[in-house]
Protein chains: 2
Amino acid sequence: MNKNEPSENETGTTGTDFMHGLAIDAVIFGFHDHQLKVLLMRYNKTGVVALPGGFIHKTENLNDAANRIVSERTGLKNIYLEQFYVFGDYGRSDPRPMKDILIANNITHDDNHWLLQRFISVGYYALVDFTKVVPKPDTIFDSCAWYDLAIIPKLMQDHNTIILKALASLRTDLDNKLIAFNLMQEEFTLGDLQILYETILDKKLLRPAFQRKMLSLGILERVAKKWTGAAHKAPYLYRFSKNI
Amino acid sequence: MNKNEPSENETGTTGTDFMHGLAIDAVIFGFHDHQLKVLLMRYNKTGVVALPGGFIHKTENLNDAANRIVSERTGLKNIYLEQFYVFGDYGRSDPRPMKDILIANNITHDDNHWLLQRFISVGYYALVDFTKVVPKPDTIFDSCAWYDLAIIPKLMQDHNTIILKALASLRTDLDNKLIAFNLMQEEFTLGDLQILYETILDKKLLRPAFQRKMLSLGILERVAKKWTGAAHKAPYLYRFSKNI
DNA sequence: TCAAAAGTGTTCGTGATACACCCATGT
DNA sequence: ACATGGGTGTATCACGAACACTTTTGA
């Protein structure tokens, strides 16, 4: 018998076989109402809150698994994903919350159940258009919702640390890669974009400098239409130019 | 019976238990004779060449495992290590070379042997002082030696890709983090350091600009002693200043 | 007409680029 | 003396910081 072949249903979901000892945790960032948001799962019976995550099928590419996991929670396709760190400390895997969840779900298990073993987790962060996301709970966590980055509760295991590291990675990537647009809707003003940058970097930026910098990148396309609304000059709308 | 408990010796080494499906591959960079070098393992019977690598003990921190693996091959302690990417494509694990090695080592196995399963590998790069390294083979690979980065042979699995990605990471980190000094001996001239930078970045740098940039970082300490040797002005020796 | 925010012009300072020059040293 | 490479001085340019000014819009 192949000891890598599971002899039981591995979660409440299906009997599909996953790699053991390895997981994916996803920090899904969204931006709304001048605030950075993170998508979190909550298991209401026990109150455990955790990052969306999942496992890798035995014949699945790691990056495909990350895409699948984020797609399942958001309902989106073609998501911007970035691997940022592997969390591999032995002590990070406190089996207690998972055990509570198994008990509450009436999943038969003993202390050697694979979900109670030590896990190493690959951290991904995703940037999504907040307005397009339809959060979907999974079979274990019965709630999936946006949390303001400023008021994240105590999360399962080291997930608070993972979020901090994801944010740090996002900040350093922001200047090097051109990824902020993934957090915006198709059309946006430079003012909106500046607020996003200021929120992520947590500091004020100078408007003239910011505008020139963004426009000099040559990846923004000015849309002929203009904004309508308030008592001041109408800003231009821009869209990210796909044809580089 | 605990299916995670191995029922056999897992390598030729010892009976210690490793996590399955997860490995570490290390790109160990050295600098010598105006060339970037990489430490590679070669199994002479089959001619397979591979990156130094290893597995994670079931109760070991991931980063500790990386340190251990690099220490075992180099004989060094306190090595500069950086996690840079996780290689997780399903197709990356061609079992053929490992099978040949097992056969040549007279290790009993069937096709379900854990070393022949699919592996996801965490990539680390290490920066070491070439002159201090004493390369040590392991129980499987009977040679461990420096290879010029410009002439790397075809390696096992996707290890050539891993090296390329490590080099790319090293290049981007070079400007952001202050890590080049890990590749130098304790005392060095600015000329030496410039050659190192030029080699890594693969482009010429302007001497005056480079010197001012390095000195303006405020992390170099000029040593009173001077060089002795050739028919020109003696350059100053510097050392990396630990007291930032 | 005025307030508010968008967009542009201009000055200033820093740091990189590029080149010139002087310094120390062995042959 | 002189070739060789190390170290420094200096002019120029590019870019961001900082601020001023004009433009557009609704009340």
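Lettering of chains follows the sequences in order, A, B, ..., and the numbering in each one begins at 1. In this text the structure is predicted, and so the values were computed from the model without any measurement.
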Quick one: does Arg212(A) reach the base of dG9(C) with a side-chain donor-acceptor pair under 3.5 Å?
-> yes
Using whole Å, report how far NZ of Lys204(A) lies from P of dC19(D).
-> 16 Å
Between Leu217(B) (CG) and dG15(C) (P), how many Å, whole number?
-> 11 Å
Using the salt bridge (Lys or Arg N to Asp or Glu O under 4.0 Å) rule, collect all pairs that involve residues 61-71 of chain B, keeping only residues at least two apart or in two chains.
-> Glu60(B)-Arg68(B), Arg68(B)-Glu72(B)
Taking CZ from Phe210(A) and C1' from dA5(C), how many angstroms apart are they, rounded to a whole number?
-> 16 Å
dG6(D) P sits how many Å from Leu237(B) CG, rounded?
-> 12 Å
Is the Phe55(B) to Phe119(B) ring centre distance short of 6.0 Å?
-> yes
N/O donor-acceptor pair, side chain Arg207(B) with base dT4(D), under 3.5 angstrom | no
Comparing Pro208(B) with Lys213(B), nearest DNA chain C nucleotide closer to 5' gives the residue Lys213(B)
Atom CD of Gln211(A) and atom P of dC21(D) are separated, to the nearest Å, by 19 Å
So which nucleotide from dT25(C), dA4(C), dG7(D) ends up closest to the side chain of Ala234(B)?
-> dT25(C)
Choose from dG6(D), dT8(C), dT8(D) the nucleotide whose nearest atom is closest to any side-chain atom of Pro235(B).
-> dG6(D)
Given dT4(D), dA6(C), dG7(D), the nucleotide with the shortest approach to the side chain of His232(A) | dA6(C)
Mind calculating the distance between CG (Leu206(B)) and P (dT10(D)) to the nearest angstrom?
-> 19 Å
Test: Glu186(A) and Arg239(A) ion pair at under 4.0 Å | no
Do Arg92(B)'s NZ or CZ and the ring of Phe87(B) fall within the cation-pi criteria of under 6.0 Å and 45°?
-> no
Inspect the surroundings of NZ in Lys136(A) and state if more than 12 heavy atoms from other residues, nucleotides or ligands are less than 6.0 Å away.
-> yes
Value in whole Å for how far the P atom of dT4(D) lies from NZ of Lys233(B) | 18 Å
Interatomic distance, Leu205(B) CG vs dA16(C) P [rounded to whole Å] | 12 Å
